[in-house]
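Whatever order the structure lists them in is the order used to number ligands and atoms, beginning at 1.
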Amino acid sequence: MNDMPFVAHPDLQRAVLFHGHYCPGLAIGYRAAIEGLTLLGTERAEDEELLCIVENDSCAVDGIQVITGCTFGKGNLVFRDYGKHVYTFAVRPSGRAVRLSLRPRDNAESDRLSRDDTASRILSKARDDLFDVREFTLDMPPTAERHNSVLCDVCGEPVMSTRTHRFGGQTLCRPCGEQHHE
Ligand SMILES: [Zn+2]
Ligand SMILES: [Zn+2]
């Protein structure tokens with residue numbers, strides 16, 4: 001990844017390595033993450049002390065995960081399928097939160113510029129030109145649940161107890177349960 005002079009900051013380099021390429025979406029997520037952490041005066045989440053709600057599943061979310069430590073695996077990344085560049089960050093236990101909503105973009109400008117230039121333009125914009133920012137207090141959802149595994153009576157594979165269902169006196173995992181209903 002030496003041919004990326006525009007990707008100077010090590011944090012952004014980590015995001016590009018994780019995501020696979022440099023693009024406007026990643027730049028939006030990177031900026032939202034940096035601004036969110038800055039506004040909340042907090043750092044990357046080691047555990048679940050920080051929560052992020054994303055309203056799309058675009059390239060941007062990879063930038064969010066790398067920079068904030070709010071990840072799919074940890075359960076402190078909440079996905080809402082609204083198709084919007086809106087990112088809400090909140091800290092536990094207070095629920096102090098900030099919501100960043102991408103301002104309407106100049107589509108003609110994006111069409112004229114290369115992908116790299118569009119991304120770099122996003123990185124260089126002032127925060128308030130890029131996002132509409134709102135601070136509020138979020139009603140915090142519970143932290144990720146951890147449950148014991150039980151064995152599925154059909155495939156024999158361990159499955160989280162809360163993801164099983166009973167069918168004909170058996171405990172089934174979801175895939176096996178779905179086959180039974182066909
Ligand atoms: Zn991308
Ligand atoms: Zn099964």
Problem - Pair Arg166-Thr171, side chain to side chain donor-acceptor pair (under 3.5 Å): steps then yes or no - result: CA-CA 5 Å; Arg166 298 285 295 170; Thr171 298; 2.7 Å; yes
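Within 6.0 Å of atom CD in Glu43, 12 or fewer heavy atoms from other residues, nucleotides or ligands are found, so the atom counts as exposed in its surroundings. More than 12 heavy atoms of other residues, nucleotides or ligands shown are found within 6.0 angstrom of CG on Asp111. Within a 6.0 Å sphere centred on CG of Asp106, heavy atoms belonging to other residues, nucleotides or ligands number more than 12.
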Mind listing the side-chain donor-acceptor pairs of residues 33-40 below 3.5 Å, one per line with the distance, residues two or more places apart or on another chain?
unit_1 : atom_1 : unit_2 : atom_2 : d
Glu35  : OE2    : Arg31  : NE     : 3.2
Glu35  : OE2    : Arg31  : NH2    : 2.9
Thr38  : OG1    : Ile34  : O      : 2.7

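Protein N/O/S atoms nearer than 2.8 Å to the Zn ion (ligand 1) total 4. With a cut-off of 2.8 Å, the protein N/O/S atoms near the Zn ion (ligand 2) add up to 4.
Below 30°, between 30° and 60°, or above 60°: for His85 and Tyr87 the angle between ring planes is between 30° and 60°, a tilted geometry.
For Glu49, there are no salt bridge (charged side-chain N to carboxylate O under 4.0 Å, His left out) partners at least two apart in sequence or on another chain.
With contacts defined as side-chain heavy-atom distances shorter than 4.5 Å, the pair His21/Cys59 qualifies. The closest side-chain heavy-atom distance from Phe131 to Val86 is not below 4.5 Å.
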